[in-house]
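Have a look at the structure below, then the notes.
In what follows, chains are A, B, ... by sequence order, proteins preceding strands, each numbered from 1. The figures here come from the full heavy-atom set of this structure, side chains too, leaving out hydrogens, waters and symmetry mates.
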Amino acid sequence: MPVSINTTRSFALVDCNNFYASCERLFRPDLKQRPLVVLSNNDGCIIARCALAKQLAIPMGAPFHQVKALLKQQQVAVFSSNYALYGDLSSRVMQTLEQLAPKVEIYSIDEAFLELSGLDFCQNLHDFGQHIRTTIKQQLGLPVCVGIGPSKTLAKLANYAAKKYPQFEGVLDLTEPHKRLHILARTPVHEVWGVGRKLAERLQAMNIDTALQLARACPQQMRKKFSVVLARTVNELNGLACLALDEVQEPKQQIISSRSFGQRVTDKGAMQQAITLYLSRAAEKLRAQQSLARRLSLFIRSSRFEQKSPFFGDQASLELATPSSDSRVLQQAAMQLLDQVWRQGPAYAKAGIVLSDLCAMQGLQTQLFAPPPSERSQRLMAAIDQLNQKHRGSVFIARQGKDGDWQMQRRFLSPAYTTRWDQLPEVR
DNA sequence: TCTGGGGTCCTAGGACCC
DNA sequence: TCTGGGGTCCTAGGACCC
């Protein structure tokens, strides 16, 4: 059979600009002229900055306590992360995109790939990119940039350039090979999708500093020296699409729930509470995607930044005889694991639960001598999930308790403007 | 005082088997 | 002197992504 390479494909990557910062600003027009940053969970470090904040050279990832003085001096507005708000706005952005193009892959909370091949209204890809931009701006008030290319990697790169160089006005189409050279030559290799810090270091040692130099490398050699992933990246940079659009969201293969504590935990009872909460979150996600977990892992650790006492961390895991999504079963198993790893003494900074070895709830292959998961349990859990969906935190395992000093700090939290009736923005 | 959280994929290496 | 060889499966850890 003849092998044909489809060279006419094109992808767009739509990425919201400074997404979390833009979400916060949306409901606070009074902050339009002020720089704004968003903090990570527990108000730990800076994870989003608006354009003005970037100009002030506030570094991404900077620990909050280190830049606090600077933020105050520059009158920067500070927000704790508000995932209820970002998640809701994200799904509105995605719905809008789905109306604009038939094939959409939701890649992250603030990005989506669109397949543009074969859309007849897409004769001029650049104009279509502008159309996406204005539509999202008009309907949701959020700024986005659009990168277009014959492969996902080039669409990503185009998006990077569309953001970086203002003359593109937020849209760049790199479908034409001659337009690429210029941009690729000016893009540092570590900006290429799939090339992180370590890989960039090794490439630079081989005198590959730019995306163009990587594009001109030999894929077979890259495969041999590095991995199949980098070989694919080289092909993608040359306009050969190796990665397809993944429209369907596959169920997750593992579910993690972990948090740093608001205050250090030294007491086992408090740790049990925290673990029980994390476990309930994880089990809820597990049931939401109709899965069961066979493996449960737990980890606890002190702080890596603590100078005075040595770092301590440990983890343990176990396999369930019957895969389960019942919070009570999983919680009991988690308590067992905690007994295994618990050591009195260290000041714990973080703990977490990992559910893995997941399988579909439907059509489960049970072990010969293990009891099948009970239907009663499934109905009970479904009922709890329903109640909690309506009123978050209304039903929980008693061990979890109501409050604890360990709970995360969110001192600068904005209201849940779009997901709670009692917190709707007021117009006066 | 104060340093995020949640994912995926790939590879290497050991265990085990024939 | 000389210690098979190839395949599969599993896990841990690294690297990457947002």
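Residue A:D357 contributes atom CG, which lies 13 Å from atom P of B:dT8 at whole-angstrom precision. Across the protein-nucleic acid pair, A:I109 atom CD1 and C:dC18 atom C1' stand 10 Å apart, rounded to whole Å. A straight line from CD1 of A:I106 to P of B:dG6 spans 20 Å, rounded to a whole angstrom. The interatomic distance linking A:I47 (CD1) with B:dC2 (C1') rounds to 16 Å, in whole Å.
A:D43 and A:R410 are not joined by a salt bridge, as no carboxylate oxygen comes within less than 4.0 angstrom of a charged side-chain nitrogen. Ion pairing of A:D339 with A:K268 is present here, as a side-chain N (NZ or NE/NH1/NH2) and a carboxylate O approach within less than 4.0 Å. Salt bridge status for A:E111 with A:K156: present, with a side-chain N to carboxylate O gap under 4.0 Å.
The nucleotide C:dC16 finds its pairing partner in B:dG7, both defining distances of the Watson-Crick or G-U wobble pair being shorter than 3.5 Å.
Within the 4.0 angstrom heavy-atom criterion, only backbone atoms of the sugar-phosphate kind lie near A:N41; the bases stay farther away. Backbone-only engagement by A:R259 is indicated by non-hydrogen atom pairs under 4.0 Å involving sugar-phosphate atoms exclusively. Nucleic acid contact for A:R281: none, since no nucleic acid atom lies under 4.0 Å from a heavy atom of the residue.
Look at A:R301 and you won't find any side-chain N or O under 4.0 angstrom from OP1 or OP2 of B:dT3. Residue A:S258 places at least one side-chain N or O closer than 4.0 Å to OP1 or OP2 of B:dG6. Considering only side-chain N and O atoms, A:R411 lies nowhere under 4.0 angstrom from the phosphate OP1 or OP2 of B:dC2. Listed pair A:S260 / B:dG5 meets the phosphate criterion, a side-chain N or O lying under 4.0 Å from OP1 or OP2. Remark: A:K350 is in phosphate contact with B:dG5, judged by side-chain N or O atoms under 4.0 Å from OP1 or OP2.
Of the candidate nucleotides C:dC17, B:dC2, C:dC16, C:dC17 has the atom lying nearest to any side-chain atom of A:Y107. Residue A:K285 places its side chain closer to B:dG7 than to any other of B:dT3, B:dG7, C:dC18. Among B:dG7, B:dG4, B:dC2, the nucleotide with an atom closest to any side-chain atom of A:K252 is B:dG7. Of all nucleotides listed (B:dT3, B:dG4, B:dT1), B:dT3 comes nearest to the side chain of A:P63.
Comparing A:D43 and A:Q253 by the nucleotide of DNA chain B that holds the closest heavy atom to each, the one mapping nearer the 5' end is A:D43.
Tested against A:N18 for a side-chain hydrogen bond (donor to acceptor under 3.5 Å, both in side chains), the candidates A:R49, A:K54, A:E24 yield a single pass: A:K54. Here the rule is side chain to side chain contact (heavy atoms under 4.5 Å, CB included) with A:K152, and of A:R9, A:E115, A:E105 only A:E105 fits it.
Separating the P atom of B:dT3 from that of C:dC18 is a span of 25 Å, rounded to the nearest Å.
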For a quick check, with a 4.0 angstrom heavy-atom cut-off, what is the B/S/- contact string for nucleotides 10-15 of chain B, read 5' to 3'? SS----
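Contact record, A:L31 with A:A77: CD1-CB, 3.9 Å, taken as the closest heavy-atom pair.
There is a side-chain donor-acceptor pair under 3.5 Å between A:W406 and A:Q273.
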